[in-house]
Amino acid sequence: MRFASHMDRALDQARAAADRGEVPVGAVLVGPGGVLAVAGNRTRELNDPTAHAEMLVIRAACAALGQERLTGCDLYVTLEPCAMCAAAIAAARIGRLYYGADDPKSGGVAHGARVFAHPQAHHAPEIYDGIAAEASAALLRAFFAERRGPPR
């Protein structure tokens, strides 16, 4: 079996999120039959603090499959998931997590809460970090630099 990354599609979703004024994070959830869901952040658009890209693809994939578990599925996300999203990944029993940029400030996987390392985590996916990390980080840097404006 040949590995095929879906990070380019996640980056497309992140760019679309930025175009909507959302923090540029994109996610793709892949199952045995192919792509189940794609999304970018929509917290502002939906007035929903839980509308992170990861949460949206998990919800959509569960609805499409008619089940609450995503065993054997892969999640590609452009930024290290926060603690909320990491907990949802564990609850959904996602098999593999691929993410781009580290998030030392709000991450919940390798930084901060380290959700999967806790004894309370009922499931920990295989984790592959640094996939398209520079492209993911560059999107975030550009987004926040634009909002801050030029240095004074």
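Predicted model only: the values in this text are computed from it and were never measured. Here, residue 1 is the first one in the sequence, and each next residue gets the next number.
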Checklist outcome for this item: Heavy-atom nearest pair, S136 first then I131, reads OG-O, 4.5 Å
Checklist entry - CZ of R69 to SG of C62: how many Å apart, nearest 0.5 Å? => result 10.0 Å
Next on the checklist: So I89 and L97, do their side chains get closer than 4.5 Å, heavy atoms only?
Outcome noted: yes
Checklist entry - Donor-acceptor pair, D102 side chain versus P104 backbone, under 3.5 Å? => result no
Checklist entry - Would you say P81 and E54 make side-chain contact, with heavy atoms under 4.5 Å? => result yes
Checklist entry - For G26 and A14, which heavy atoms make the closest approach, and how far apart are they? => result N-CB, 3.5 Å
Checklist entry - Between L29 and L65, is there a shared hydrophobic cluster once you connect ILVMFWY residues whose side-chain heavy atoms come closer than 4.5 Å? => result yes
Checklist entry - Can you hop from Y76 to Y128 via hydrophobic side chains spaced under 4.5 Å? => result yes
Checklist entry - Which atom names give the shortest non-hydrogen contact between G108 and A86, and what distance separates them? => result O-CB, 4.0 Å
Next on the checklist: Just checking R9: does its CZ atom have more than 12 heavy atoms from other residues, nucleotides or ligands closer to it than 6.0 angstrom?
Outcome noted: no
Checklist outcome for this item: Of all heavy-atom pairs linking A37 and A60, the shortest is CB-CB, 3.7 Å
Item to check | Min side-chain heavy-atom separation T78-L139 under 4.5 Å | outcome: no
Item to check | Check: H6 and V35 side chains under 4.5 Å, non-hydrogen atoms | outcome: yes
Item to check | Check: L70 and R93 side chains under 4.5 Å, non-hydrogen atoms | outcome: no
Checklist entry - Under a 4.0 Å N-O cut-off, is there an ion pair linking R141 with E134? => result yes
Checklist entry - Do L36 and Y99 share a hydrophobic cluster (ILVMFWY, side-chain heavy atoms under 4.5 Å, transitive)? => result yes
Checklist entry - Looking at V115 and A121, what are the two nearest heavy atoms and their distance? => result O-CB, 3.4 Å
Item to check | Side-chain donor or acceptor of E80 paired with backbone N/O of D103 under 3.5 Å | outcome: yes
Checklist entry - Just wondering, are more than 12 heavy atoms of other shown residues or ligands nearer than 6.0 Å to CZ in R96? => result yes
Next on the checklist: Using a 6.0 Å distance limit plus a 45 degree cone around the ring axis, check whether R147 lies over the aromatic ring of F143.
Outcome noted: yes
Next on the checklist: Assess the residue pair N41 and T43 against the criterion (side-chain hydrogen bond (donor to acceptor under 3.5 Å, both in side chains)); give the C-alpha distance rounded to whole Å, side-chain angles, the decisive distance to 0.1 Å, and a yes or no.
Outcome noted: CA-CA 6 Å; N41 277 357; T43 60; 5.7 Å; no
Next on the checklist: Taking salt bridge (Lys or Arg N to Asp or Glu O under 4.0 Å) as the cut-off, I'd like each qualifying pair that reaches into residues 17-26, sequence neighbours left out, listed once.
Outcome noted: R20-E45
Checklist entry - Do the side chains of V38 and M55 join up, straight or via other hydrophobic residues, at under 4.5 Å, putting them in one cluster? => result no
Checklist entry - Is the shortest heavy-atom distance from the side chain of L75 to the side chain of Y98 under 4.5 Å? => result no
Checklist entry - Of all residues at least two apart in sequence or in a different chain, which pass the ring pair (Phe, Tyr, Trp, His ring centres under 6.0 Å) check with F144? => result none
Next on the checklist: Using the salt bridge (Lys or Arg N to Asp or Glu O under 4.0 Å) criterion, which residues pair with E126? Sequence neighbours excluded.
Outcome noted: none
Checklist entry - Tell me, do H52 and C82 make a side-chain contact under 4.5 Å, heavy atoms counted? => result yes
Next on the checklist: Assigning hydrophobic clusters by single linkage (Ile, Leu, Val, Met, Phe, Trp, Tyr; side-chain heavy-atom cutoff under 4.5 Å), is V57 placed with V30?
Outcome noted: no
Checklist entry - Should R59 and T50 be marked as a side-chain contact (heavy atoms from CB on, under 4.5 Å) after you check the CA-CA gap, both sets of side-chain angles, and the distance that decides it? => result CA-CA 11 Å; R59 290 175 189 150; T50 70; 2.8 Å; yes
Checklist entry - Which heavy atom in P32 sits nearest to a heavy atom in G72, and how many Å separate them? => result CD-O, 4.4 Å
Item to check | Spacing of CD1 belonging to I58 relative to SG belonging to C85, to within rounding of 0.5 Å | outcome: 7.0 Å
